[in-house]
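Reading through the structure tokens given below for one structure.
Note that this is a predicted model, so its numbers are computed, not measured.
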Amino acid sequence: YTDREMGRLLDVLGSETAVIMTGDHGEEFYEHGDYSHPKKLYDETIQVPFVMRVPDNRTVEKKQVSLLDVAPTILDIVDEPIPSLMVGQNILADGDRELTLAETNTDGETSLAVRTTDNKLIVQGQRREFYDLVEDPCEQNDRSTVQNQTMEELRERVRQFQAQHSIDYNGGDEELG
């Protein structure tokens with residue numbers, strides 16, 4: 001039903017109209033012990049549908065993007081400059097987003113996830129989880145207790161991002177575990 005109706009809408013809008021459809025969060029169906037959203041930062045809750053059609057038929061290969069990237073992409077589509085203070089990236093540009101950040105606040109505790117295409121670090125208070133997404137795409141085997149240079153590199157990249165964009169996740173470094 002939804003596919004058919006979206007097809008009808010796209011037909012009415014015509015090929016010269018840019019269309020971006022996305023969601024704001026996913027859903028957990030007991031993959032990690034809950035039936036909810038978005039209390040946790042596993043992929044089933046932070047990966048969302050993202051469909052884009054632009055008038056000049058530019059295409060994007062499957063790649064990691066962030067909802068922060070929607071505004072710069074729209075500005076590119078309408079040939080407007082992207083402000084330098086904007087954190088997001090133009091999805092239509094070449095290259096892949098090196099990392100994405102996600103956060104949630106449950107009962108006053110902020111949780112942060114930093115994700116590359118291959119790895120993910122989740123920090124919840126003093127607890128951290130680290131996943132090798134190539135070997136463990138369903139995030140079932142927490143590798144945070146194994147000394148790991150990649151995990152330390154992700155922590156450093158979050159610190160750099162925080163400094164570059166003046167973002168503080170409840171005390172900065174302490175929140176990184």
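When the shell of 6.0 Å around CZ of Arg143 is examined, it contains 12 or fewer heavy atoms from other residues, nucleotides or ligands. The 12-atom threshold is exceeded at CD of Glu5, counting heavy atoms of other residues, nucleotides or ligands nearer than 6.0 Å.
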Worksheet item: Phe130 and Thr150: side chain to side chain contact (heavy atoms under 4.5 Å, CB included), yes or no, with the steps?
Response: CA-CA 9 Å; Phe130 179 76; Thr150 303; 3.9 Å; yes
Practice prompt. I would like to know whether Asp118 and Thr116 meet side chain to side chain donor-acceptor pair (under 3.5 Å); could you show each step before the answer?
Written response: CA-CA 5 Å; Asp118 296 337; Thr116 67; 5.6 Å; no
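Under the 4.5 angstrom side-chain criterion for Ile, Leu, Val, Met, Phe, Trp and Tyr, the cluster partners of Leu10 are Met6, Leu9, Leu13, Val19, Met21, Val51.
Between Asn119 and the options Leu99, Asp132, Leu133, a side chain to side chain contact (heavy atoms under 4.5 Å, CB included) holds for only Asp132.
Scanning all heavy atoms of the two residues, the minimum distance from Ser144 to Met151 falls at O-CE, 3.7 Å. Leu92 and Met52 make their closest contact through CD2-CE, 3.6 Å (heavy atoms, listed as atom of the first residue, atom of the second, distance). In terms of heavy atoms, Glu129 sits closest to Asp142 at CA-OD1, 3.3 Å. Pro83 and Leu75 get closest at one heavy-atom pair: CD-CD1, 3.6 Å.
With hydrogens and angles ignored, the 3.5 Å screen pairs no side-chain donor or acceptor of Asn90 with any backbone N or O of Pro72. Listed for the Thr100 side chain is no donor-acceptor partner under 3.5 Å among the backbone atoms of Ser66. Not one N or O on the side chain of Glu135 forms a donor-acceptor pair closer than 3.5 Å with the backbone of Asn141.
Residues Arg155 and Glu152 have side chains in contact (heavy-atom distance under 4.5 Å, counting atoms from C-beta outward). Phe50 is listed as a side-chain neighbour of Ile20, based on a closest heavy-atom distance under 4.5 Å. Within the 4.5 Å cutoff, side-chain heavy atoms of Ile122 are placed close to those of Tyr131.
Listed by first and then second residue, the salt bridge (charged side-chain N to carboxylate O under 4.0 Å, His left out) pairs that reach into residues 72-83 are Arg58-Asp76, sequence neighbours excluded.
Taking CZ from Arg115 and CD from Gln64, the interatomic distance works out to 5.0 Å, rounded to the nearest 0.5 Å. Note that CD of Gln89 is 9.0 Å distant from OG1 of Thr73, once rounded to the nearest 0.5 Å. In this structure, CZ in Arg53 is found 6.5 Å from OG1 in Thr17, a value given to the nearest 0.5 Å.
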